[in-house]
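This is a predicted model, so every value here is computed, not measured.
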Amino acid sequence: GNFMIGIIDCGGANLKSLTYALERIKLKYRISKVWSDLSNSRALILPGVSAAGNVMSNIRKLALEDRIRDFNKPVLGICVGMQVLYEHSDEENKTCLGLIPGVVKKFSNPKLAIPHMGWNMVNFLTSEFEDCSGHFYFANSYHAPIDTYSLGYSEYGERFSAFVKQNNFYGVQFHPEKSSKLGEKFLTKFFEMA
């Protein structure tokens, strides 16, 4: 039924930590590559693993690009799943879904280790999530700019978007499913809102 959260299986992901996190907060989900399994979901998750190019080519191969674009309930992109919501990613120079204006770029400070790995502070800029501010787990070499779509930010040599929204499309650069209690709190709030 439509109480389910649909997880788009766009290839290469080990979805175990995500499904464990959803089970811990008692959310029902379904993982599929096939749109008819996902179309009734009350929200979708676009999990991000591997590279933007890989995720986009899988989305296109599975003919999900327009389906995702036309979905009118909340969609949450995680990590690379957030990055492919933008128009373009410099990672493999990929045209992405174009749901959020802007370009995803590589961290450019030569003094910083790439990828940005581990726990980092996220400041949420929106009242619904204010009390989720704290440390979340990151693993990213690319980042989205701070702009009008930013609902939360983190800093690694420069400020970058950690939580974004445009219409019903949301993205988190961190991994809520690997961010222990605070990550569970974020996911609980997000899907209550959804």
Side-chain angles (χ1 to χ4, degrees), residues 4-31 41-52 55 74-86 89 91 100 104 106-107 112-146 149-166 168-194:
M4 286 281 197
I5 292 159
I7 300 173
I8 301 171
D9 182 4
C10 38
N14 174 6
L15 298 173
K16 274 280 182 292
S17 51
L18 181 56
T19 56
Y20 286 154
L22 296 177
E23 283 161 19
R24 281 197 302 269
I25 58 176
K26 310 268 189 289
L27 288 173
K28 292 189 163 55
Y29 60 85
R30 175 183 279 171
I31 302 172
S41 308
R42 68 179 175 100
L44 292 177
I45 298 177
L46 184 57
V49 274
S50 70
V55 172
V75 176
L76 179 65
I78 296 176
C79 195
V80 176
M82 163 179 153
Q83 295 176 1
V84 298
L85 298 175
Y86 284 83
S89 174
E91 185 174 18
I100 301 179
V104 170
K106 193 163 195 162
F107 285 115
L112 297 172
I114 305 289
H116 163 228
M117 280 293 274
W119 296 85
N120 201 345
M121 181 67 191
V122 174
N123 292 289
F124 288 93
L125 304 170
T126 162
S127 56
E128 302 102 306
F129 290 94
E130 251 169 3
D131 62 344
C132 287
S133 291
H135 286 80
F136 287 81
Y137 186 81
F138 286 84
N140 59 310
S141 302
Y142 290 79
H143 65 281
I146 299 279
Y149 308 104
S150 309
L151 296 184
Y153 67 88
S154 192
E155 235 166 286
Y156 190 62
E158 60 198 287
R159 280 193 179 185
F160 64 92
S161 282
F163 183 33
V164 294
K165 171 186 196 266
Q166 160 73 320
N168 55 310
F169 296 94
Y170 295 81
V172 286
Q173 184 56 71
F174 53 84
H175 283 277
E177 76 284 7
K178 294 179 179 162
S179 301
S180 76
K181 284 281 174 266
L182 203 50
E184 288 175 24
K185 182 176 183 179
F186 174 84
L187 289 169
T188 302
K189 267 189 184 250
F190 184 85
F191 291 110
E192 272 168 8
M193 183 195 73

Any chance you could measure [X], atom [atom1], to [Y], atom [atom2], to the nearest 0.5 Å?
X      : Y      : atom1 : atom2 : value
Gln173 : Ile78  : CD    : CD1   : 11.0 Å
Ile7   : Leu44  : CD1   : CG    : 10.0 Å
Ile31  : Thr19  : CD1   : OG1   : 5.5 Å
Arg159 : Ile146 : CZ    : CD1   : 6.5 Å
Leu85  : Ile100 : CG    : CD1   : 5.0 Å
Lys26  : Thr188 : NZ    : OG1   : 10.5 Å

Handout entry: Donor-acceptor contact present, side-chain Tyr156 to main-chain Ala113, <3.5 Å
Key = yes
Handout entry: Donor-acceptor contact below 3.5 Å, side chain Asn120 vs main chain Glu155
Key = yes
Closest heavy-atom contact between [X] and [Y]?
X      : Y      : answer
Leu182 : Gly134 : CD2-CA, 3.6 Å
Glu91  : Ala51  : OE2-CB, 3.2 Å
Ser161 : Pro145 : OG-O, 2.6 Å
Ala139 : Met117 : CB-SD, 3.5 Å
Cys10  : Pro47  : SG-O, 3.8 Å

Exercise for the section: Verify whether the ring centers belonging to Tyr29 and Phe191 lie closer than 6.0 Å. Expected result: no
Exercise for the section: Show your working on side chain to side chain contact (heavy atoms under 4.5 Å, CB included) between Phe174 and Ser154 and close with a plain yes or no. Expected result: CA-CA 9 Å; Phe174 53 84; Ser154 192; over 6 Å; no
Problem - Test log, rule side chain to side chain contact (heavy atoms under 4.5 Å, CB included), inputs Leu27 and Leu187 - result: CA-CA 10 Å; Leu27 288 173; Leu187 289 169; 5.5 Å; no
Exercise for the section: Assign the ring pair Phe163 / Phe186 to parallel, tilted or perpendicular, where the plane angle (0 to 90°) is split at 30° and 60°. Expected result: perpendicular
Handout entry: Parallel, tilted or perpendicular: rings of His175 and Tyr137 (30°, 60°)
Key = tilted
Exercise for the section: Let me see the working for Ser150 and Phe160 under side chain to side chain contact (heavy atoms under 4.5 Å, CB included), right down to the final yes or no. Expected result: CA-CA 9 Å; Ser150 309; Phe160 64 92; over 6 Å; no
Problem - Pro115 and Tyr142, any side-chain heavy atoms less than 4.5 Å apart - result: no
Exercise for the section: Determine whether Val172 and Phe136 make a side-chain contact, defined as any pair of heavy atoms from C-beta on separated by less than 4.5 Å. Expected result: no
Exercise for the section: Please list all pairs passing the salt bridge (Lys or Arg N to Asp or Glu O under 4.0 Å) test where one or both residues lie in residues 171-181, with sequence neighbours left out. Expected result: Lys181-Glu184
Return a table of donor-acceptor pairs under 3.5 angstrom between the side chains of residues 121-131 and protein atoms on other chains or two or more places apart.
{"residue": "Thr126", "atom": "OG1", "partner": "Glu128", "partner atom": "OE1", "Å": "2.3"}
{"residue": "Asp131", "atom": "OD1", "partner": "Lys189", "partner atom": "NZ", "Å": "3.0"}

Exercise for the section: Decide yes or no on side chain to side chain contact (heavy atoms under 4.5 Å, CB included) for His116 and His143, but give the supporting numbers first. Expected result: CA-CA 10 Å; His116 163 228; His143 65 281; over 6 Å; no
